[in-house]
Each structure stands twice: as structure tokens, then as C-alpha cells.
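What's counted below: heavy atoms across the whole structure, side chains too, no hydrogens, waters or symmetry copies.
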Amino acid sequence: MVTPRLRPMGERALLAEVDDLPDVLALHAALAAAPPDGIDDLVPAARTVLIAFDPSRITPASVRAWVRSAGDAPPEAASPGPLVEIAVRYDGADLDETAAMLGIRTAELVARHAAAEWNVAFTGFAPGFAYLVSEDWPWDVPRLSRPRTRVPAGSVGLAGGFTGAYPRETPGGWRLIGTTDAPLFTPDATDPVLLAPGARVRFVPHRTEVRTAASEPAGPVAPAPAGSSAPSPPGDEPASPALRVLDPGPLATVQDLGRPGRAGLGVARSGVLDRAALRAANRLVGNAETAAGIEIVLGGFRARAERDTWVAVAGALADIRVDGHAVDAYAPLLVPAGSELSIGVAIAGARLVLAVRGGVAGAAALGSRATDVLASLGPAALVAGDAVVVGEAPAPIPVVDAFPWSVPGSVVEVGLAPGPRADWFAPAALRTLRDATWTVSGDADRVGIRLDGPALDRVRHDELPSEGMRPGALQVPPHGRPVVLLADGPVTGGYPVIAVVTDATLDRLAQVRPGDRVRFRGP
């Protein structure tokens with residue numbers, strides 16, 4: 001029997017906390033056996049299971065009752081998983097420092113790490129990132145006090161009682177002891193995750209091959225070209241493009257509403273940051289709200305119409321022109337064949353959304369065409385010369401006289417809902433969070449936004465075991481300044497979450513740029 005302690009994670013999720021990892025695995029198995037309608041995701045971690053739900057289909061009270069009843073289910077014995085061998089070079093940037101911190105020689109650290117049989121307890125943080133534990137590993141290794149903004153793909157690291165390897169280049173706070181070339185995550189493979197929950201793992205020094213006891217893993221698959229279509233069946237001609245990119249600006253990516261419900265595999269929701277802007281632009285050209293469009297950071301985008309093409313632009317404020325003539329945002333626009341569509345540098349706000357009638361086509365990764373910059377999922381960022389291919393439009397262009405919208409401001413107010421770790425902070429910290437005016441730092445992208453302002457004082461300074469995260473979560477690293485996770489953010493993390501931005505106001509953060517100010521309201 002497991003008795004979970006339930007903590008809120010905003011309005012649409014909660015954390016079920018238990019005493020140890022075996023209890024987590026037992027609770028997760030019981031929950032996964034028969035989830036009721038309205039449960040969107042289950043994310044096991046070191047001491048918690050995150051339960052994401054849709055309040056329109058199931059009430060929070062019903063979720064709590066279901067989780068408590070699942071804790072009463074008797075645990076089932078797990079059979080040993082397959083053995084996976086991972087070739088590793090022990091050359092990590094933190095190897096010597098970590099050994100010294102543990103009071104042992106570097107050679108002993110390497111030998112103990114390679115001799116242990118590890119088990120995949122759960123996946124998270126990024127697609128294919130497995131948290132490995134071992135009864136043969138005696139140390140608890142503290143994370144870096146300030147995480148790296150870039151950890152190279154293939155880095156093998158230590159944090160707490162875990163080891164793991166980074167499938168993609170991402171931010172991270174683990175201490176790096178080695179590197180591997182193993183294909184940890186291949187989204188187009190039948191089994192995309194090499195280190196699946198339950199697998200047994202051994203790290204083999206100085207080997208150049210990677211194999212499993214069951215089969216050879218598939219090799220890595222390169223991201224699909226931006227705007228390209230899926231492979232055509234024999235005899236079919238590829239669709240003709242609607243637009244040809246002349247200049248993508250600082251960053252232009254294909255985005256839809258993302259990949260919800262896959263956080264248990266370590267896959268973030270991703271998708272467009274300003275969901276309301278994409279929905280509006282799609283409606284204006286007769287697309288389904290879920291159709292893929294183009295997210296343009298800070299404007300500066302130009303494209304030529306290869307045929308008569310209907311488009312709509314929403315989001316940030318910018319000068320929009322067709323063949324040099326000014327046109328309106330939030331309105332359907334016909335761009336005749338051969339004409340140039342230009343979107344100037346954003347005057348206010350940070351991101352524009354370009355919808356094209358028919359929706360941007362292309363190969364989907366795990367059910368979505370969204371570009372996830374943290375996990376390198378989906379199409380590559382657009383570059384000059386790329387063709388934008390679209391699908392068939394399902395509905396006529398609607399008649400629109402005016403569409404209500406407002407110019408994004410330089411001071412953005414967002415609502416807060418309770419976070420699971422508010423008790424890790426001094427009582428004054430929540431007041432400081434609400435009362436301060438925070439400044440968006442230069443570290444602001446689709447993964448998250450670091451805010452500058454007063455430190456949020458903590459009353460607990462020990463390590464927090466990794467637990468599930470959500471878009472909108474306000475993580476607070478040891479330096480005390482919050483980081484707001486966004487759509488491409490990690491699905492698990494090890495810094496306490498003091499509060500969560502409400503889903504209704506989260507889109508506003510898509511429009512902030514470095515130097516803008518943010519104010520929080522509630523809880």
C-alpha cells in the first residue's frame with residue numbers, strides 16, 4: 001500500500017509524492033493500469049508521479065480520489081528488463097572535480113560507474129533521457145549550483161543518486177563525467193527510446209559499438225527539412241509549394257499545437273508559444289485551429305508566393321506588406337503568385353504567427369509537425385530558399401470585417417496558481433514574487449525565460465529529487481531568481497517550483513523580449 005501526499009502543480013496537474021523510488025514505480029503502475037477519462041499524462045520521477053488532467057473532463061477532487069484509491073492497490077512484482085550496453089568515454093568536464101568532491105580518485109569513480117548494473121527508473125527531462133539507479137552506486141552527487149545553458153549531446157552525467165546521458169544538446173545541471181555516441185532517441189524508430197523504463201544498463205569504457213541483448217538499436221535519424229512534405233507514395237508527385245522563403249529573419253519554425261500527452265516518454269508539449277495567435281490566424285484563412293503555421297521570432301521575414309496564396313499574420317505588432325503595400329494583421333490576405341510578403345521587425349511583442357491556407361504540410365514527428373528546439377524534434381528551422389508546402393483547405397475563407405486584438409505591452413501581467421514546493425521558501429518569498437517587477441533576461445527562448453529581480457529566499461537548501469514539470473512552472477535555482485518553463489521546456493527537473501503560471505495567461509509570455517517586465521498576480 002502506498003499513501004501519496006498530493007501537491008498542486010497549477011490548475012491542471014498535481015504531484016503525488018511518496019517516500020521512495022519503489023513506491024513511485026508501484027503507484028505509477030497502478031495509475032497507468034486504468035486511467036479515467038480526463039487524465040492526460042502520467043510522469044513518474046524520483047519521489048513523485050505528476051498527474052496532468054483536463055478540468056473540463058474531470059474535476060480535481062475526482063483526480064485526488066482516484067490517485068488515493070490507486071495507492072491502495074497491491075504492488076506487482078516486476079520482471080527484469082533487457083540488458084543494454086552503452087559505450088562511454090570517461091572524459092567529462094566535471095570528472096576530476098566530482099571525484100575530488102566524493103573524496104576518491106578519478107580512476108575509482110570510473111571503475112565504480114562502469115562496474116555497476118544500472119536500471120532505468122523513469123525517463124524525463126528530454127526525449128530519451130533516462131534516470132538510472134543502481135544498488136551498487138553509494139554516492140549522492142549534488143547538481144551544479146547554476147545549470148549550464150548548453151550540455152553537448154551524448155554527455156554522461158551524475159546528479160543525486162542518478163546517472164544518465166543527454167540525447168540532445170540541452171541546458172542541464174548534472175555533473176558531466178563522460179560521453180557516448182549511443183543513439184539514445186530516434187523519433188522515427190519503432191521503439192524511439194533506447195533506454196526504456198525497466199531496462200538494465202551497463203556502461204562499457206572505450207567501446208565503439210552499442211548493442212542490446214534483444215536487438216541492435218536503429219541509427220539516428222536527421223530532422224525533416226522545414227516545410228518539406230512527407231515522402232510521396234510511388235507514382236505520386238509532391239505538392240507544389242505555396243511560398244518560397246526569401247529571408248526567415250532571426251528564427252522561423254513550423255509550429256502547431258504540439259505533442260500533449262507524451263511527457264512520460266520525456267517528450268515536451270512543444271508547439272506554438274502564442275496558441276491564441278495561431279488559432280486566430282488559422283480561423284482567418286479557413287484552417288482547422290490545429291493546423292501548422294510558422295512562428296517568426298522578432299519579424300524580418302520575407303517570402304514569395306509561388307501561386308495565389310491566402311495567409312494571415314497574428315501575434316506581435318509589425319509592419320506587414322504585400323509587394324510594398326501595407327496590409328493588416330489579423331485579417332485574411334491574398335498574396336498573388338509572384339508577389340512578395342514581408343513582415344518587418346517587430347515593433348511590440350516578440351513572436352508573430354503566419355498561417356497559410358491549407359496548413360503547413362510536412363513529415364510529423366510523434367504526431368506533430370512542431371519544431372522542438374530543446375529535443376531537436378520536428379522540422380529544421382526555415383532558411384532562405386525553403387519551400388513551404390501546404391495541405392488542402394477544409395473550409396472557405398470566412399468573411400471578417402474586424403478581429404479584436406491588442407498590441408503586446410512591455411509590461412506583461414500573468415496569473416499564478418499554487419506550486420508544489422512553496423513550502424521550500426520563506427513566507428515572504430511569495431509576497432516578493434507577487435510584488436516585484438521582474439525583468440526578462442537575455443536567456444529567453446522557447447525553452448524558458450530567466451527573470452532578473454530580487455532573490456526568493458528559501459528555508460530548505462537540500463537537493464530536490466527530480467520531479468515532473470509543466471509549461472508555466474516557475475523553477476527557482478539556488479541563486480533565487482525564477483525561471484519560467486515554456487512549451488519546449490524539460491518534462492522533469494530538480495529545482496523547486498514555487499508557483500505555476502495559469503494556462504489562461506501563459507500565452508502572454510510568448511510576446512516578451514529581453515528587457516521587458518513581468519508582474520505576477522495571485523495565487
Side-chain angles (χ1 to χ4, degrees), residues 41 43 45 50 123-131 143-144 147-155 157 159 164-174 176 183-187 192-193 195 220-224 226 250-275 295 297 350-351 364-382 441-450 466-475 477 483-495 497 501 506 509-510:
D41 228 332
V43 186
L50 184 143
T123 58
F125 175 69
F129 190 101
Y131 288 78
R143 291 175 176 82
L144 299 174
R148 291 180 170 92
T149 57
R150 296 176 65 184
V151 176
S155 296
Y166 288 76
R168 297 285 190 271
E169 181 182 284
T170 67
W174 289 36
L176 308 182
L184 300 165
F185 181 71
T186 53
V193 175
L195 303 181
V221 178
L251 179 66
T253 57
V254 176
Q255 300 292 344
D256 54 21
L257 294 181
R259 303 177 179 87
R262 297 180 181 270
L265 294 176
V267 178
R269 185 188 74 196
S270 192
V272 68
L273 292 192
D274 193 336
R275 295 165 293 176
E295 181 180 87
V297 178
R351 290 176 174 84
L366 297 178
S368 169
R369 294 184 173 90
T371 299
D372 184 331
V373 299
L374 178 63
S376 298
L377 277 177
L382 291 164
S441 76
D443 293 326
D445 54 22
R446 289 182 46 82
V447 176
I449 301 169
R450 294 191 183 193
S466 291
E467 57 191 25
M469 294 290 145
R470 298 281 290 167
L474 269 71
Q475 283 190 320
V483 177
V484 187
L485 299 183
L486 298 181
D488 286 0
V491 300
T492 61
Y495 299 115
V497 172
V501 175
L506 182 59
L509 294 178

Do [X] side-chain atoms and [Y] backbone N/O form a donor-acceptor pair below 3.5 Å?
X	Y	answer
D443	R450	no
R143	G173	no
T371	V254	yes
D488	V373	yes

Please round to the nearest 0.5 Å and tell me the distance separating atom [atom1] of [X] and atom [atom2] of [Y].
X	Y	atom1	atom2	value
T253	R351	OG1	CZ	8.5 Å
R446	L251	CZ	CG	8.5 Å
L176	R148	CG	CZ	4.5 Å
R269	R275	CZ	CZ	4.5 Å

Q: Sort out for me which residue in V491, T123, L377 forms a side chain to side chain contact (heavy atoms under 4.5 Å, CB included) with V267.
A: L377

Side chains of [X] and [Y]: closer than 4.5 Å at any heavy-atom pair?
X	Y	value
D256	V272	no
L273	L509	no
V193	F185	yes
F129	T492	no
P171	L374	yes
L485	P490	yes
L486	L506	yes
V497	E467	no

Considering non-hydrogen atoms only, spot the tightest contact between [X] and [Y] and give its length.
X	Y	value
A268	D372	CB-OD2, 3.9 Å
D41	A263	OD2-N, 2.9 Å
S376	R168	CB-NE, 3.4 Å
P152	Y166	O-CB, 4.0 Å
G271	A487	O-CB, 3.9 Å
P167	A153	O-CB, 3.8 Å

